[in-house]
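In what follows, a single structure is set out as C-alpha cells and then discussed.
Quick note: numbers below take in every heavy atom, side chains included, and nothing from hydrogens, waters or symmetry partners.
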Amino acid sequence: MSEKVLIFDTTLRDGEQSPGASMNQEEKLRLAHKLAQLGVDIIEVGFPAASPGDFEAVSLIAQEVEGPIICGLARTGAEDIERCWEAIKHSAKPRIHVFIATSDIHLEHKLGMTREEVIAEITSGVGLAKSLCDDVEFSTEDGTRTDPDFLVEAVRTALAAGATTINIPDTVGYTLPHEYIERLTYLKEQVPEVNDAVLSVHCHDDLGLAVANSLAGITAGARQVEVCLNGIGERAGNASLEEIVMVLATRQAELGLETNIKRSELYPASRLVSMITGIVVQPNKAIVGANAFAHEAGIHVAGVLKQPLTYEIMTPEEVGLGTNSLVLGKHSGRAALGARLDEMGYKLKDADFQRLFEAFKVLADKKKEIFTEDLEALIADEILRIPLRWRLDYMNIVSGTVTVPTATVRLFDCEEIKQDFGSGAGPVDAVYNTIQKMTGTDAKLLRFTISAITGGMDAQGEVTVRLGEGDRVVLGKGLDPDILVAAAKAYLNGLNRLEYMKTHAPVVAKEERTL
Ligand code: KIV
Ligand code: ZN
C-alpha cells in the first residue's frame, strides 16, 4: 500500500495574505466547508491573534467544520498561543501551529534576538501550546536560510517541548530542490527523533519553484505538504494544492505516494477560491486553468480524438472539469435545483434556498444553459452576501462611436429609491461616475477585471473591482450576462462592503496581519 502525504491547506491563512485577497467571515466558512469536502487533512484557518476578525472566523470554523484538523497559527508569545487555543478549542481535532524565525537575517533585523533567546522562546511557546493541545506543529520561519546546525538545535528543542509536526518553510522561495533535499536529509540524520514526528514542507513561489521544492521535500521524507488552492499566498504565492495532488496521483507508480484528496472536487474548489478572492486563475495555469485541457494545434486535436493518451496525461473529468456540462435550464424546478446543490455539497437553509431559487429563475430566463459555475456564482452573489445598503434597480446606457457615453441609474439606498444620470469616457466610466455621485463615495477604483465564467456567447460576465478608501481595501464582484450590469453590480458590491466594514471590521494594518 502507498504511503500517505497529508495535505495541509493554508488558503485561508497564507492564501489570505495574498495582496487584495481578504475574505469575510461567511466566505471563509464556505471555503472551509469546501476544503473539508475536498478531503484536505488539515485546514489552517487563520492567525487568531492578528485581529478580532481573524479570531472570530477561526472560532466559527472550529465549531462548524467537521472532518479535517482545524489549525490556528501563533507566534511563540503566551498571548498569541492562548488566543489561538481559545479560537480552535471547540474543534474535534484542534492544532496549534507555533512559529518563530530562525535565520540570522530575521534574528538580527526583524526579531532583534539572539539564538539563545530564540531557543528559549521555542521551549516556552511550544511547551505552552502542548499544555493546551495535544497536536502542536512547530515552524522554523525562513528555515531554508537558517544555519543548518542552528536549525537542528531549533527542531530538537521543539520536539523536546512536545511538537508533533515539524515544518521547515522556504519562506522567501529561495531554495533549490537539491538544497532542500540536503537540508532535510541532514536534519533527519542529526535529529533522528524527527522521524517520530511528521516532517512538513511549506514553499513559496518567488522563483517559481514552490511545487518542485515541495516535491523535493516529499522525496526527502516529508509527509505533510503545506499548500494553497490556485497557488495563492504571500507575494508570489505558495505551492499549489492542485498541482501537488495531481503530480502525486499522475506519477503514483513512480513516487508510490497518495493523498486523501477527492480529485473531482479540485476544479470546483479552485473556482470557489477565485470567486471569493477575486484573484483570477491564469488561463495557462496547470490543472485548473481554462486552457489546461484545451488542444489547439490540429495535429494535437487529431491525436486526442484518436486516443486521449497521445497528449493528455490526465483527464479533465478527473479534476472535476467537464463533468460540469449542462446542469439546469429554465424548466428545472426546485427538486432539480435541490438535487444539484446536494451534489455540489451545499446545505442551504430554507430561506436561502428560496432566495437562490428565485435568482436562479431570473438567470434561467436570460441564459439558456445554467452550468455548475453559474450556480456557484449565484450562491456567492445571493447567499454569501453582506447586508446591502445600495442595490441596483435599473440602468440604461447610451454609448457608441458618435455619442458621449451616458448612463441613467436607479438605485435603492436602503429603502429609498434614487435616480440620476451622468457621462464618462466610456460606458463603464459613465455608470461609475453616476453611481459615485449618487452614493457620495470617496472610494478609489484601484483595479477592474472582467472575465467570462463559462463558455458560449451567452456566458455570464464576471467583473471584479478593487476599491480603496483610506486604509481599507475591498473587492467587489458582480455577475450578469450583460457586462455593464455586471460592472455596476461589482462596484455596488464593493461599496456595500466598504459600508459594512465601517461598522463591523476594525482597520487592521497590513503589517500587523502578515508575518
Ligand atoms: O512562509 C512561512 O514561513 C510561513 C510560516 C508561518 C509557516 O507562512
Ligand atoms: Zn508562508
Side-chain angles (χ1 to χ4, degrees), residues 20-21 24 27 271 274-281 283 290 359 362-363 365-367 373-374 376-382 384-386 388-401 403-413 417-469 472-500:
N24 67 32
E27 289 167 339
R271 268 298 305 160
S274 128
M275 233 159 18
I276 288 178
T277 59
I279 299 175
V280 178
V281 174
V362 172
L363 180 64
D365 262 345
K366 294 190 208 164
K367 190 174 186 296
E373 293 92 327
D374 294 317
E376 292 271 14
L378 267 191
I379 290 163
D381 224 18
E382 294 295 322
L384 305 178
R385 68 186 181 180
I386 46 146
L388 306 179
R389 170 169 172 188
W390 297 288
R391 275 175 297 129
L392 182 68
D393 183 41
Y394 157 92
M395 61 187 259
N396 186 44
I397 315 286
V398 180
S399 176
T401 48
T403 184
V404 176
T406 52
T408 304
V409 177
R410 196 162 66 206
L411 294 181
F412 284 99
D413 182 346
I417 285 227
K418 291 181 173 171
Q419 180 164 324
D420 212 332
F421 63 92
S423 58
V428 174
D429 197 37
V431 174
Y432 280 24
N433 286 341
T434 311
I435 293 178
Q436 188 177 33
K437 187 162 54 153
M438 294 171 81
T439 55
T441 179
D442 291 327
K444 302 241 170 323
L445 180 64
L446 305 176
R447 189 176 72 189
F448 178 94
T449 46
I450 186 159
S451 56
I453 65 163
T454 54
M457 294 294 280
D458 63 351
Q460 287 223 79
E462 181 178 49
V463 173
T464 305
V465 293
R466 190 187 297 177
L467 304 179
E469 189 179 45
R472 297 176 207 276
V473 176
V474 295
L475 287 174
K477 278 160 278 175
L479 284 156
D480 201 90
D482 180 328
I483 52 169
L484 293 173
V485 176
K489 283 184 175 174
Y491 191 33
L492 288 169
N493 179 246
L495 293 180
N496 279 316
R497 283 178 177 224
L498 275 175
E499 190 70 8
Y500 178 72

Could you pull out the closest heavy-atom pair between [X] and [Y], with the gap in Å?
X	Y	answer
Ile483	Gly461	CG2-CA, 4.1 Å
Ser423	Val404	CB-CG1, 3.9 Å
Ser274	Ile279	CB-O, 3.3 Å
Ala430	Pro405	CB-O, 3.7 Å

Checklist entry - Checking side chain to side chain contact (heavy atoms under 4.5 Å, CB included) for the pair Val485/Met395: CA distance, chi angles, key distance, verdict? => result CA-CA 8 Å; Val485 176; Met395 61 187 259; 4.2 Å; yes
Got more than 12 heavy atoms from elsewhere within 6.0 Å of CD1, Ile397?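 Buried by this count: over 12 neighbours within 6.0 Å.
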| When you look at Lys366 and Asp482, which way does the salt bridge (Lys or Arg N to Asp or Glu O under 4.0 Å) test go after all the steps? | CA-CA 10 Å; Lys366 294 190 208 164; Asp482 180 328; over 6 Å; no
Approximate separation, where rounding is to 0.5 Å, of [X] [atom1] and [Y] [atom2]:
X	Y	atom1	atom2	value
Arg447	Thr464	CZ	OG1	7.0 Å
Glu499	Glu469	CD	CD	8.5 Å
Glu462	Leu479	CD	CG	5.0 Å

**Prompt:** Should the pair Tyr432 and Phe448 be assigned to parallel (<30°), tilted (30 to 60°) or perpendicular (>60°) ring geometry?
**Reply:**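 Geometry flag for Phe448 against Tyr432: perpendicular rings.
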| message | I'd like to check the side-chain contact (heavy atoms from CB on, under 4.5 Å) partners of Asn433; sequence neighbours left out, ordered by chain and number. | response |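 Testing Asn433 for side-chain contact (heavy atoms from CB on, under 4.5 Å), a comparison that skips the adjacent residues, returns Asp429, Gln436.
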side-chain contact (heavy atoms from CB on, under 4.5 Å) involving Leu411 - partner list, sequence neighbours excluded: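 Per chain and number, Leu411 pairs via side-chain contact (heavy atoms from CB on, under 4.5 Å) with Trp390, Leu392, Val409, Met438, Thr439, Leu492.
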task = Using atom types as modelled and distance alone, determine if a side-chain donor or acceptor of Asp393 lies under 3.5 Å from a backbone N or O of Phe412.
result =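 Judged by distance alone, no pair lies under 3.5 Å.
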*Taking Lys477 for its side chain and Asn493 for its backbone only, find out whether a donor-acceptor pair lies under 3.5 Å.*
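No: the side chain of Lys477 does not pair with the backbone of Asn493.
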For Leu467 and Tyr491, what are the C-alpha separation, side-chain angles and deciding distance, and is it a side chain to side chain contact (heavy atoms under 4.5 Å, CB included)? CA-CA 8 Å; Leu467 304 179; Tyr491 191 33; 3.8 Å; yes
Given Asp420, which partner from the list Ile435, Thr408, Thr434 fulfils the side chain to side chain contact (heavy atoms under 4.5 Å, CB included) test?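 Testing each of Ile435, Thr408, Thr434 against Asp420, the sole residue satisfying side chain to side chain contact (heavy atoms under 4.5 Å, CB included) is Thr434.
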